[in-house]
Amino acid sequence: MISLTLPEHELDLEATLFSGQLFRWQRQDDGWLTGYVGTQRLCLRQTESTLELAETDEATVRHFLRLDELALGEQARRWSASDPLFASAWKRQPGLRLLRQDPHECFFSFLCASVAPIARISKMLQAVCEEASGEPLGPFPSLEALLTLRESQLRARGLGFRAERVVAAARKLAEKPDGWLDSLRGKPLAEIESELTPFPGIGRKIADCIALFSLDADAAVPVDTHIWRIAKTHYAPELRDASLTPANYERAASAFQRKFGPYAGWAQQTLFYQQAVK
DNA sequence: CAGGTC
DNA sequence: TCTGG
């Protein structure tokens with residue numbers, strides 16, 4: 001087993017893994033948290049400022065948790081000084097990081113996430129895994145395995161209108177060259193959005209989720225119903241009586257980006273958590 | 001009524 | 001629009 005010591009408030013593992021960024025991590029009875037990044041299984045546990053790793057190499061964990069890329073505690077201090085709303089959200093829940101997910105799993109996860117609460121998204125993804133690979137809690141199924149799924153099968157497992165989108169998006173993804181999704185990592189956000197939104201079921205909000213949670217687009221602000229309400233109340237009061245049109249989506253996201261800068265997506269996650277998860 | 005999309 | 005928590 002490996003132990004890492006982290007600066008205070010740099011990571012709250014439990015909150016991070018269950019903040020609605022990803023949906024398939026499991027709490028074990030002995031306090032360990034387990035999940036997959038691609039085909040690799042991770043086994044993590046945090047006690048105060050110590051992060052323990054089992055069955056897992058340190059480099060993989062640092063990459064997944066993005067530990068060497070942003071000193072979150074310092075950044076949060078600056079955001080707190082300039083914004084009371086962030087300050088109170090961070091005080092209630094410090095250490096909420098963004099993760100670097102596998103883009104493939106992230107793509108299908110958020111395709112299933114439209115107008116569904118987190119608990120239901122988890123159930124739907126477990127059903128997708130079971131149908132595609134026979135393992136509800138195993139590594140996320142490959143594209144080849146997902147291509148065997150039928151809409152009727154997924155509807156029977158409770159995906160509702162998302163069933164058709166999952167099947168169609170998998171077919172479209174199969175037309176792209178190998179590694180295409182991974183190749184979007186690090187590209188400009190606008191380019192990622194224009195590559196992803198042509199897929200059935202992926203509008204700008206879901207494209208921004210995939211970009212932020214798996215493709216290193218740290219400035220992305222997925223404007224869902226919660227973030228929209230926060231934007232109207234705190235950062236873009238001129239939108240108070242407006243509805244969430246594409247133009248207003250842009251205005252809301254821009255308001256966050258003006259306030260929080262190139263890591264606006266990280267700030268967004270702490271504010272989202274307070275509003276939607278806790 | 002829920003982290004939208006077409 | 002689907003549907004379950």
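In what follows, every chain begins at residue 1, and chains take the letters A, B, ... in the order their sequences are listed.
- Using a 4.0 Å heavy-atom distance criterion, Gln275(A) is classed as making no nucleic acid contact.
- Using a 4.0 Å heavy-atom criterion, one finds that Gly20(A) contacts the bases of the nucleic acid, with or without backbone contacts as well.
- Checked for salt-bridge contact, Arg157(A) and Glu130(A) meet the test: a charged N lies under 4.0 Å from a carboxylate O.
- Glu164(A) comes within 4.0 angstrom of nothing in the nucleic acid, heavy atoms only.
- In this structure, Tyr273(A) reaches neither bases nor backbone, as no heavy-atom distance under 4.0 Å exists between it and the strands shown.
- At the heavy-atom level, Arg165(A) lies under 4.0 Å from base atoms of the strands shown.
- Donor-acceptor pairing under 3.5 Å, judged by distance alone, is absent between the side chain of Arg155(A) and the base of dC2(C).
- dT5(B) atom P lies 11 Å from atom CD of Glu193(A), rounded to whole Å.
- Along DNA chain C, the nucleotide closest to Lys123(A) and the one closest to Gly160(A) are compared, and the more 5′ of them pairs with Gly160(A).
- In this structure, CZ of Arg120(A) is placed 9 Å from C1' of dG5(C), rounded to the nearest angstrom.
- Computed from coordinates, the Met124(A) CE to dG4(C) P distance equals 10 Å when rounded to whole Å.
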- Task: Step by step, work out the ring-ring contact (aromatic ring centres under 6.0 Å, His included) result for Phe86(A) and Tyr235(A).
- Result: CA-CA 11 Å; Phe86(A) 179 86; Tyr235(A) 304 120; 9.7 Å; no
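- One distance of note links CZ of Arg155(A) with CZ of Arg150(A); it measures 15.5 Å at 0.5 Å rounding.
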- For Thr34(A) and Gln28(A), run side chain to side chain donor-acceptor pair (under 3.5 Å): C-alpha distance rounded to whole Å, both residues' side-chain angles, the deciding distance at 0.1 Å, then the answer. CA-CA 7 Å; Thr34(A) 59; Gln28(A) 309 296 338; 2.6 Å; yes
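- When rounded to the nearest whole Å, the span between CD1 of Ile121(A) and C1' of dT3(C) equals 13 Å.
- Which of dG3(B), dG4(B), dT3(C) sits closest to the side chain of Pro222(A) comes down to dG3(B).
- Residue Gln101(A) contributes atom CD, which lies 14 Å from atom C1' of dG3(B) at whole-angstrom precision.
- The distance between the ring centers of Phe64(A) and Tyr36(A) does not fall below 6.0 angstrom.
- Phe199(A) has its CZ atom 15 Å from the C1' atom of dT5(B), to the nearest Å.
- Within the shown strands, nothing qualifies as a pairing partner of dC6(B) under the Watson-Crick or G-U definition with both distances less than 3.5 Å.
- Counting non-hydrogen atoms under 4.0 angstrom, Ile227(A) reaches nothing in the nucleic acid.
- For the pair Gln269(A) CD and dG3(B) C1', the interatomic distance rounds to 10 Å; values are reported in whole Å.
- Within 4.0 Å (heavy atoms only), Phe110(A) reaches no atom of the nucleic acid at all.
- Here dT1(C) is the nucleotide among dG3(B), dG4(C), dT1(C) with the atom lying nearest to any side-chain atom of Phe161(A).
- Using a 4.0 Å heavy-atom cutoff across all strands shown, Ser19(A) reaches at least one base atom of the nucleic acid.
- Applying the 6.0 Å contact sphere to CD of Glu8(A) captures no more than 12 heavy atoms from other residues, nucleotides or ligands.
- Nearest-nucleotide assignment on DNA chain B puts the 5′-proximal partner with Arg229(A), out of Pro198(A) and Arg229(A).
- In this structure, the CZ atom of Arg162(A) is 11 Å from the P atom of dG3(B), given to the nearest Å.
- Among the atoms of the strands shown, only primed sugar atoms or phosphate atoms (P, OP1, OP2) are found under 4.0 Å from some heavy atom of Ala116(A).
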